[in-house]
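A quick write-up on the structure given underneath.
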Amino acid sequence: MRRLICRFALFLAPLAGLVLVLAACGGDEGTKSTASPGSTVAPTVAASAQPSQPAACKPPSGTAPEVTVKQYPKAPDMTIDTTKKYTAIVKTVRGDFTIELWPDLAPKHVNSFVFLARDHYFDGVTFHRVVPGFVAQAGDPTGSGSGGPGYTLPAEFTNEPYIRGVVGMARSSDPNSAG
């Protein structure tokens with residue numbers, strides 16, 4: 001597994017969903033995720049790319065669970081403890097990696113991510129946009145890049161730089177549009 005640091009700031013992107021700034025394998029192969037309810041560790045999130053050089057990408061193995069598109073009437077109530085450490089183990093058909101979540105920098109975004117992962121929102125979701133060496137975007141069960149959970153979050157900007165391995169939330173031109 002490779003450790004990725006997640007500095008949940010908002011990333012300027014026209015698409016909603018999870019943004020992984022990394023070199024990624026291409027392809028639409030599905031993913032697999034599992035959850036660990038009752039833990040302070042966020043459960044697994046689905047994705048279909050692995051942070052490695054494109055030439056080193058493993059071939060897909062196994063199949064991903066079926067995607068279920070879910071919508072929620074409002075953002076989840078705050079349930080995380082911002083003084084605790086949260087991680088997500090992303091299981092993909094090309095390998096797994098770990099994301100370290102930083103609730104002290106973006107508590108509402110981390111809370112939303114943990115809520116959605118625990119509710120299996122990301123199960124079977126593939127990366128809908130992969131630009132090797134630049135960005136991999138996932139998190140939209142519709143696969144279009146314009147879907148979302150039905151609610152948006154207020155911006156939680158940070159001065160942390162977007163460098164290889166950083167994860168953030170995509171949004172539209174409206175600062176308060178990430179879901």
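Remember, it's a predicted structure, so these values are computed and weren't measured experimentally. Atom set for the values below is all heavy atoms of this structure, side chains included, hydrogens, waters and symmetry mates excluded.
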Next item on the list: Run the numbers on Phe134 and Arg129 for side-chain contact (heavy atoms from CB on, under 4.5 Å), then give the verdict.
Entry: CA-CA 11 Å; Phe134 172 61; Arg129 178 178 177 228; 4.0 Å; yes
Notebook entry, point to check: Could you go step by step and tell me if Val166 and Glu160 meet the side-chain contact (heavy atoms from CB on, under 4.5 Å) rule?
Noted result: CA-CA 9 Å; Val166 171; Glu160 296 293 330; over 6 Å; no
Item checked: Closest contact, heavy atoms only, Ala138 versus Phe127 -> CB-CD2, 3.0 Å
Checklist line | Exercise: do Ser172 and Asp174 side chains pair donor with acceptor under 3.5 Å | finding: no
Item checked: Side chain to side chain, Pro149 and Phe115, heavy atoms closer than 4.5 Å -> no
Notebook entry, point to check: When you measure from the side chain of Asp119 to the backbone N and O of Tyr121, does any donor-acceptor pair fall under 3.5 Å?
Noted result: no
Next item on the list: Could you tell me whether the side chain of Gln71 and the main chain of Gly148 form a donor-acceptor pair under 3.5 Å?
Entry: yes
Note to self: Return the NZ to CG distance between Lys84 and Asp104, rounded to the nearest 0.5 Å.
What the structure shows: 15.0 Å
Check: Shortest non-hydrogen contact from Pro103 to Asp81?
Finding: CG-O, 4.4 Å
Next item on the list: Drop me the distance from Glu156's CD to Met169's CE, to the nearest 0.5 angstrom.
Entry: 9.0 Å
Notebook entry, point to check: Thr79 and Asn111: which non-hydrogen atoms are nearest, and at how many Å?
Noted result: N-OD1, 2.8 Å
Note to self: Testing the basics here: between Ser112 and Pro76, what is the closest heavy-atom pair and its distance to 0.1 Å?
What the structure shows: CA-CG, 4.0 Å
Checklist line | His109 to Ala178 - nearest heavy-atom pair and separation | finding: NE2-CB, 3.8 Å
Margin query: Membership question, hydrophobic clusters at under 4.5 Å side-chain separation (ILVMFWY): are Tyr151 and Val69 in the same one?
Written below: no
Next item on the list: Just do the side-chain contact (heavy atoms from CB on, under 4.5 Å) check on Val125 and Asp140 with the steps written out, would you?
Entry: CA-CA 7 Å; Val125 173; Asp140 174 11; 5.5 Å; no
Check: Taking all non-hydrogen atoms of both residues, which atom of Pro107 and which atom of Thr82 are closest, and how far apart?
Finding: CB-CG2, 3.6 Å
Next item on the list: Give a yes or no answer on whether the side chain of Gln137 reaches the backbone of Gly145 with a donor-acceptor pair at less than 3.5 Å.
Entry: no
Notebook entry, point to check: Roughly how far, to the nearest 0.5 Å, is the OG1 atom of Thr83 from the CD1 atom of Ile80?
Noted result: 9.5 Å
Margin query: Over 60° means perpendicular and under 30° means parallel, so tell me whether Phe122 and Phe113 are parallel, tilted or perpendicular.
Written below: tilted
Note to self: Does any part of the side chain of Thr152, heavy atoms only, come nearer than 4.5 Å to the side chain of Asn176, both counted from C-beta?
What the structure shows: no
